[in-house]
Amino acid sequence: MLSRLAARSIRLAHTSSSASQAAASATPATTNEERNEVDFPRTKRPIHPAPVRMGFIPETWFELLYSKTGVTGPYVLGTGLITYLVSKEIYVIEHEFYSGVIMAMMAAYGIKKFGPTVAATLDDQLAKEKEEMLSGRNNTIKALTEGIAASELSAEQAKGQSLLFQAKRDNIGLQLEAAYRQRLQSVYAEVKKRLDYQLEKSNVEKRFEQRHMVDWIVQNVRQSITPAQEAASLKQCITDLKALAARA
Amino acid sequence: MMTNLFSIFDPASPNSLSANWCSSLLFVLLMPGAQWVASTRYSGLFKQLSDYLFSEFRPIVKKASFVLLISVSLLLLIMFNNVAGLLPYIFTATAHLSFSLCFGLAAWSGLMLYGWSFNTQALLVHLIPQGTPAALMPFMVVIESISNIIRPGTLAVRLSANMIAGHLLLSLLSSSFSFSPLMAVPILAIAELALISLECAVAFIQSYVFSVLLTLYMAEFSD
């Protein structure tokens, strides 16, 4: 009977927790409705401690009294309080006070001398820890950025590929053009060769005909010259020569 | 003004309302909090200290590493109490036998009961150190058992006596400030400075000695 009671109470607890979960999930998803961020802002982690004066008195106490008592207010308050306590022997100056004074001097010296180095060492340690904690996130970001850069590079290279193909196409075109022009040139040369041949042939024929005609004419003329004509011309030539000689 | 020299050790609180003894709870205020996941400078320092202490104590216990928790936490408690007692107006709880005997007697009697019930052979063997000549063995047994029995006493008294002696000297020297001429104050201040430094060292060392001895006894019983 007790076990049944225990089981029932557990079941009730489960249903109540699931009901509360359902109720919580039924509320709107926006955080504004869950929490008033203006009047109750979320705390930020403070990196540096609050400023202090004289090593241990918070600055906020001075700011608190500033509006009423000005700059010297808190100092006057402190001095007056100490004077009152000591003069009325509410605070008795005895052996603990002297050892406290000496300890305060030791502490001040120690903090001033070793404080910065210790703080720097601890800060290095904390920075390392923080880097370790954020390393997963930062490594993922770095990897993804590098991936983006790599894909952009490969896209650029792909564009370059098309340029390469275009250049190859142009090259081929130039080669084709060159081959075409060469063939054109050879065609021209062949045609010219044949035409030159024809021209030479007609020239040669004309020259033969001319020579043959000249030879035939000369031969005929030589045949037509009688001996009487020859003698007459020779005589004429001699008289011309004599005339020329007389004149010269 | 002191009524007598030992009034600095007087708890000065009624038995029903132990106000002065609450100084032993000061270490709770000195423990670093962990509100944020990222550690602060103080918690980093504390972590370094506790890591160092654990590494120091680990070679002493080789098998039963769980006792390290007792050793280091005891060391930190006694150290905080000793150092806090040096500061003015803070009650030194460790200067009282009733405080140190609580640790020493409780730990020792527990170890004795456990050891003699379950490891009787080993403990009997431990009574004679290695390399003793046969003629000396009976005396060695007597001497070792006596030293075993007075262990809680030595632990407690060592701690309290050191604290009492230091505080007594400190209060004597400090109270002489009121009665000495002004010219003597620098010399007295230098002497007091030296004494306070010594007391700080003694505070650390006594806590270390207490916890190391207790760890050694625990290691001895677990072997």
Side-chain angles (χ1 to χ4, degrees), chain A residues 40-52 55-56 82 85-138, chain B residues 1-3 5 7-9 32-49 51 83-92 166-180 184-201 203:
Chain A
F40 304 100
R42 291 182 196 271
T43 42
K44 282 192 95 62
R45 180 171 81 96
I47 305 293
H48 297 293
V52 286
F56 66 99
I82 290 168
L85 290 173
V86 171
S87 68
K88 279 200 164 256
E89 296 241 339
I90 296 169
Y91 179 70
V92 180
I93 306 250
E94 30 132 38
H95 68 282
E96 296 267 25
F97 173 75
Y98 295 114
S99 73
V101 161
I102 303 235
M103 268 184 227
M105 278 161 44
M106 276 172 72
Y109 173 76
I111 288 167
K112 284 274 181 290
K113 191 157 188 320
F114 303 113
T117 41
V118 169
T121 324
L122 290 171
D123 280 342
D124 285 340
Q125 209 185 332
L126 293 182
K128 236 192 315 176
E129 259 184 45
K130 193 174 172 187
E131 204 191 293
E132 250 182 65
M133 273 201 281
L134 294 173
S135 66
R137 180 175 176 270
N138 287 344
Chain B
M1 192 56 222
M2 300 181 286
T3 47
L5 194 56
S7 65
I8 50 171
F9 299 110
Q35 189 187 0
W36 306 95
V37 174
S39 32
T40 55
R41 278 183 187 170
Y42 183 57
S43 73
L45 189 65
F46 198 80
K47 190 170 178 303
Q48 263 191 333
L49 173 68
D51 284 347
V83 173
L86 278 174
L87 300 168
Y89 302 109
I90 295 181
F91 180 67
T92 321
H167 279 260
L168 224 50
L169 281 169
L170 217 55
S171 60
L172 276 170
L173 187 54
S174 315
S175 50
S176 70
F177 271 90
S178 339
F179 306 115
S180 57
V185 165
I187 304 164
L188 284 174
I190 292 168
E192 175 118 13
L193 210 109
L195 198 60
I196 291 174
S197 322
L198 175 70
E199 284 310 307
C200 282

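Protein chains get the first letters and strands the later ones, always in sequence-line order, with residue 1 at the start of each. Any value given below was found using the heavy atoms of this structure, including those in side chains, with hydrogens, waters and symmetry copies removed. The structure displayed is predicted, hence computed values, not measured ones.
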Could you give me the CA-CA distance, side-chain angles and deciding distance for B:Ser178 and A:Tyr98, then say whether side-chain contact (heavy atoms from CB on, under 4.5 Å) is met? CA-CA 9 Å; B:Ser178 339; A:Tyr98 295 114; 3.7 Å; yes
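- Ranked by heavy-atom pairs under 4.5 Å with chain B, the list A:Met105, A:Lys130, A:Met103, A:Glu129 is led by A:Met103.
- With a 4.5 angstrom heavy-atom cutoff, B:Thr40 touches chain A only via backbone atoms.
- The two residues B:Ala184 and B:Ser180 have their closest heavy-atom pair at CB-CB, 4.3 Å.
- Interface remark: A:Ala104 contributes no atoms to any contact with chain B (heavy atom separation under 4.5 Å).
- Contact of the B:Leu193 side chain with the A:Tyr109 side chain is not registered, since no non-hydrogen atoms from C-beta on lie closer than 4.5 Å.
- The environment of A:Phe56 atom CZ is sparse: at most 12 non-hydrogen atoms of other residues, nucleotides or ligands sit within 6.0 angstrom.
- Ionic pairing of A:Asp124 and A:Lys128 is not present here: no N-O contact between side-chain nitrogen and carboxylate oxygen is shorter than 4.0 angstrom.
- Residue A:Thr121 does not touch chain B at all, counting heavy-atom pairs closer than 4.5 Å.
- Heavy-atom pairs under 4.5 Å with chain A peak, among B:Ser174, B:Ala38, B:Ser43, at B:Ser174.
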